[in-house]
Every structure is written in C-alpha cells, then in structure tokens.
There are 2 protein chains.
Amino acid sequence: MLLQNPIKQAAVTTADKVFEQLQYAIVEGDMVAGSKISEPELAKYYQVSRSTLREALNRLEKYHLIERKANIGSRVVDCTIEGLLELYITREALEGMACRQAALNMTDEEIAHMQAMLSQHANDKSLQEGVSYYQEQGDVDFHYKVILGSHNQQLISLICDQLYHLVRMYRCQFGMHSPRATRAFTEHSNIIQAISDRDGELAELLMRRHIAASRKNIENKIALQMAEQKSKHVSNQSSAQISEEI
Amino acid sequence: MLLQNPIKQAAVTTADKVFEQLQYAIVEGDMVAGSKISEPELAKYYQVSRSTLREALNRLEKYHLIERKANIGSRVVDCTIEGLLELYITREALEGMACRQAALNMTDEEIAHMQAMLSQHANDKSLQEGVSYYQEQGDVDFHYKVILGSHNQQLISLICDQLYHLVRMYRCQFGMHSPRATRAFTEHSNIIQAISDRDGELAELLMRRHIAASRKNIENKIALQMAEQKSKHVSNQSSAQISEEI
DNA sequence: AACATCACTTTTGTCGACAATTTTCTTTTT
DNA sequence: AAAAAGAAAATTGTCGACAAAAGTGATGTT
C-alpha cells in the first residue's frame with residue numbers, strides 16, 4: 001500500500017497484524033462498505049481466536065473504519081457523498097491550522113528539507129509528463145510534512161489517526177485521481193513560501209484554499225454525475241468514479 | 001458529573017459501565033495522570049474479569065484518556081501545559097469551522113432555541129451576581145449547541161469524542177474556573193448574531209477569537225505562575241490552579 | 001563496587017468455553 | 001393469509017486458564 005500513516009508503530013502482537021490486514025481490506029474495498037461483520041467468520045478466516053479478532057476490531061473502531069453497536073455487532077463504515085464532503089471540511093479546518101502552526105514551529109532544517117523535496121518533484125520527469133502517480137505520492141508527502149511540521153501532537157494524531165484512514169478509503173472506493181500536477185505544484189510552492197516566511201496567517205489561508213478547491217471540484221463533479229445519471233436512468237451511484245485530487 | 005458528552009449512548013454492557021466509571025475516575029483525577037494501570041488490580045476492584053476490563057481500557061484509549069504500549073501496559077495520559085495549549089489550538093480550528101458550518105446549516109428553530117437559551121442566561125440572577133457555576137454550564141451548553149448545529153457528523157464526533165474528554169480532564173486537574181460571565185456572554189451573543197445572520201465567515205472568526213482569547217489568557221497566567229514559582233523556589237507546578245475559562 | 005547473567009515473579013496477550021442477547025424460523029391464532 | 005407468540009439457532013459479551021513477554025532480584029564475574 002502506498003499511502004502509509006507516517007506515525008504508525010510496528011505491529012508486534014497478533015491482534016496488530018490482523019488489524020493491519022483488516023485495515024487494508026476495508027480501505028481497499030475488499031470488505032464492502034456498510035456490510036455487517038461476522039466475528040466467528042473473520043476469526044476463522046484469519047486463524048485467530050475471537051478474542052484477538054475483537055481486539056483488532058476495537059482498533060478499527062478507534063480509527064473510525066467500523067462502527068459497533070452493543071449486542072448487535074459491527075459494520076464497515078459507509079462511504080457516502082455527504083461523508084466525503086464532511087471529511088474535506090474537517091480537513092480544511094485541521095490542516096489549515098496545522099499549516100499555520102507549521103509556519104510558527106517548523107525548524108529551518110525541516111523547511112529546507114521540504115523545499116528540497118518540492119524542487120525534486122519539479123525536476124521529476126513525471127511532473128512534466130503529467131503522470132499522476134508520483135505526484136500523488138508527492139502530494140501525500142507534502143501534506144504529511146506540513147502536518148508533522150506543526151509539532152502539535154494533538155493535531156498530528158487527529159489528522160493522521162482519525163482522518164487519513166478515511167481519506168484513503170474514500171480515495172480507493174470512489175476511485176479518485178490526483179490533482180492536475182502543475183496546479184497542485186504551484187499551490188504547494190506558495191504554501192511552502194508562506195511557511196518559510198513564517199507567515200502563519202497566509203499559510204493557513206493558502207492551505208484552506210488548496211483543500212477547499214478540491215472539495216468544490218468534487219461537488220461540481222458530483223452534480224454533473226447526478227445529472228448524467230438522471231438522464232440515463234442509472235440507479236447505482238456508489239461505484240461512480242470521481243476524477244479529483246486528494 | 002456536570003459536563004456530559006451530549007452524543008454519548010447509554011451504557012448497556014458491563015464493559016460500558018466500567019468504562020464510564022474509569023472515565024470519571026481519570027477525568028476527576030482519582031486515577032493520577034501519568035500513572036501506570038494494573039489490569040489485574042483494576043479488574044479485582046471493579047469485580048469484573050480482565051477481559052471486560054480490557055474492553056473498557058480499549059474504549060478509554062479510543063478517547064485518548066489512556067495510552068497503551070504492546071506488551072508493556074497502559075498509562076493514564078499526562079496533563080502538561082503544552083498539551084493544554086495544543087488542545088486549545090485544536091479546539092480553535094475545529095470549533096471555528098463548526099461555527100461556520102452552524103451558520104450555514106442550523107435550522108431556524110435551532111437558532112431560535114439557542115437565542116432563547118442565551119436570553120434565559122441573561123435574565124438568570126446568577127449572571128448579575130457573577131456566579132460562575134451556572135455560567136459554566138451555560139458556556140458548555142452554548143459550545144455544544146454550536147457544535148451540534150454544524151450538522152457535520154465528522155466534526156461533531158471529533159470534538160465531542162476526542163477533544164472534550166480531555167478538555168474536562170484538564171479543567172478538573174488544573175482547577176480551571178469559568179470565564180468572567182459578562183465578557184463571555186457578550187462574545188456568545190455576537191456569535192449567535194453572526195449565525196442568525198448566516199454569516200459563516202464572521203461566525204468562524206468570532207468563535208476562533210473567543211477560544212484564542214482563553215488560550216492567551218492561560219498563557220499569561222502560566223507565565224505569571226512560572227515567574228512566581230521561580231522566586232519562591234517551589235518545584236511542584238502540576239497542582240497549580242489556573243483561573244481561566246473553559 | 002559495578003556489571004552481566006540467570007532464575008523467578010509479575011504482567012500482558014491469546015485461547016476456548018459458557019452466559020446473555022438478538023435474530024430467525026416455526027407454530028399458532030384471528 | 002397476515003400477525004403474534006414462542007422455540008431454536010446464531011451471535012455477542014463475559015469468564016477463567018494458559019502462553020509469552022517484560023520486569024525483578026539474586027548470584028557470580030571482572
């Protein structure tokens with residue numbers, strides 16, 4: 001898997017390993033979103049006792065990948081358009097603030113490193129060719145660098161633990177593509193400039209616009225698809241591909 | 001306990017009940033912050049098996065009230081000045097955005113209800129007398145109303161589940177008092193006005209100032225106490241009382 | 001006296017079984 | 001035939017026991 005959580009710790013216990021496998025299965029859609037989870041079945045599948053499976057489920061619940069009800073059971077979280085938009089709004093708030101804090105708290109070395117990363121991407125031939133794969137990775141790297149640069153454990157934990165698992169899940173399930181490389185590159189460039197200027201206010205503003213632009217782009221795509229589907233009388237919209245950036 | 005989580009569901013299972021008791025014990029400081037947790041000991045104390053106690057611990061970990069390490073054990077989270085300030089910065093980001101969304105998404109009925117709540121507080125004699133108790137409750141009610149008014153499940157869950165347990169813990173452990181009633185009342189009043197004007201931008205700005213003001217006030221108090229302690233050669237600073245608003 | 005090693009104790013992780021609750025299916029009644 | 005009631009099956013919650021890992025203290029070596 002490409003988009004790794006940068007602050008995760010190694011899986012030492014069996015429950016950890018089962019959790020990781022389940023995490024990938026859910027994020028990549030091998031376990032269908034919204035479906036019920038059978039503890040005995042899964043325990044048998046992963047060759048572990050139900051206790052350790054439940055331990056893994058607890059961790060999945062912590063990361064908002066499943067939902068549990070007492071005496072009823074667990075379900076994989078559902079991927080809805082509303083949920084996706086809510087996620088973007090939350091990201092806008094948290095990553096915006098993280099970017100402001102990064103401008104205040106990043107060391108000069110960290111900033112230099114981020115600038116180096118960016119110019120490396122600039123020289124990368126994939127950018128010129130408009131290939132999305134490397135840019136995708138670069139985009140994720142950039143966002144993580146900014147988040148970690150906030151030096152705020154609370155923000156880091158919330159964004160990386162609570163949000164980004166879901167972000168990756170939506171990316172996979174809705175088949176979202178990367179942003180047009182050049183546009184994102186310019187925006188990233190401006191954000192880094194604001195950070196190296198130690199201009200927290202501008203840095204936050206730019207990051208919020210960067211994320212809000214993606215959200216609005218998605219909203220437009222959705223509106224378009226809805227109209228298309230209405231004219232074509234297609235009922236199933238959950239498998240729709242949304243060509244948009246992270 | 002006064003400051004309840006407004007979105008919590010009833011505790012039906014034994015693990016739920018143990019979790020609730022442990023939650024209060026941690027928040028109110030009956031279990032000292034940073035201390036190690038003994039599973040056998042706690043299980044015996046609450047008269048449950050270690051399995052159900054571990055289930056409760058899992059939930060505490062989900063809410064960031066304890067921290068676990070594989071094969072090592074659990075510790076109650078530590079209350080530090082840095083952690084408190086990080087919490088305020090995160091609140092500023094999340095509640096600011098929640099307030100913006102509330103301006104966009106609250107129903108007219110919800111707004112009317114919040115206005116009624118505020119004028120009730122205005123007429124309450126406790127406000128005139130500057131009694132903090134009711135105002136404390138009123139302040140919490142106000143913030144919760146705004147958060148729920150965002151109609152954004154992601155924001156609601158993050159703030160109420162992840163942040164407010166810690167907020168209450170810090171309030172208890174640092175013995176923080178309420179804000180001066182009249183000042184907070186005016187600020188709340190202005191925020192509600194912005195919401196009823198459907199002015200999301202202003203609503204967010206005012207809420208962020210409202211929270212940032214508290215944070216800065218705390219920072220000043222801390223700086224003052226640090227100076228005092230230095231002159232008095234007092235070493236223990238963790239039990240300091242910080243007279244500041246939520 | 002300080003350090004390393006080994007055995008012992010304690011604690012955490014995992015397992016299978018039982019109890020309680022929910023769901024499903026059958027039977028009964030209107 | 002539809003709805004209600006009750007029995008059976010399956011699922012979740014809880015328990016005590018064992019296995020594995022970490023911590024502790026005594027012993028021996030340099």
Side chains of A:Arg68 and A:Ile37: does their closest heavy-atom pair fall under 4.5 Å?
-> no

Under 4.0 angstrom between A:Lys36 side-chain N/O and D:dT12 OP1 or OP2 = yes

Describe the nucleic acid contact of A:Ile37 in one word from base, sugar-phosphate, nothing, applying a heavy-atom distance below 4.0 Å.
-> sugar-phosphate

Examine D:dG13: is either OP1 or OP2 under 4.0 Å from a nitrogen or oxygen in the side chain of A:Arg54? Give yes or no.
-> yes

So, is A:Thr14 close to the C:dT14 phosphate, meaning a side-chain N or O under 4.0 Å from OP1 or OP2?
-> yes

Could you please name the option among D:dT14, D:dT11, C:dT21 that lies closest to any side-chain atom of B:Ala15?
-> D:dT14

Under the 3.5 Å rule, do the base of D:dG13 and the side chain of B:Thr52 count as making a donor-acceptor pair?
-> no

Could you please name the option among C:dA17, C:dT22, D:dC15 that lies closest to any side-chain atom of A:Arg50?
-> C:dA17

Which of these nucleotides, C:dT12, D:dT14, D:dG13, is closest to any side-chain atom of A:Ala70?
-> D:dG13

Going by the angle between their ring planes, with limits at 30° and 60°, are B:Tyr63 and B:His165 parallel, tilted or perpendicular?
-> parallel

Can a side chain N or O of A:Lys17 be found less than 4.0 Å away from OP1 or OP2 on C:dG13?
-> no

Could one point to a donor on the side chain of A:Ser51 or the base of C:dG16 with an acceptor on the other under 3.5 Å away?
-> yes

OP1 or OP2 of C:dG13 less than 4.0 angstrom from a side-chain nitrogen or oxygen of B:Arg68, does that happen here?
-> yes

Can you find a side-chain donor-acceptor pair between A:Tyr164 and A:Arg171 that sits under 3.5 Å?
-> no

Do the side-chain N or O atoms of A:Thr13 get closer than 4.0 angstrom to the phosphate oxygens (OP1, OP2) of C:dT14?
-> yes

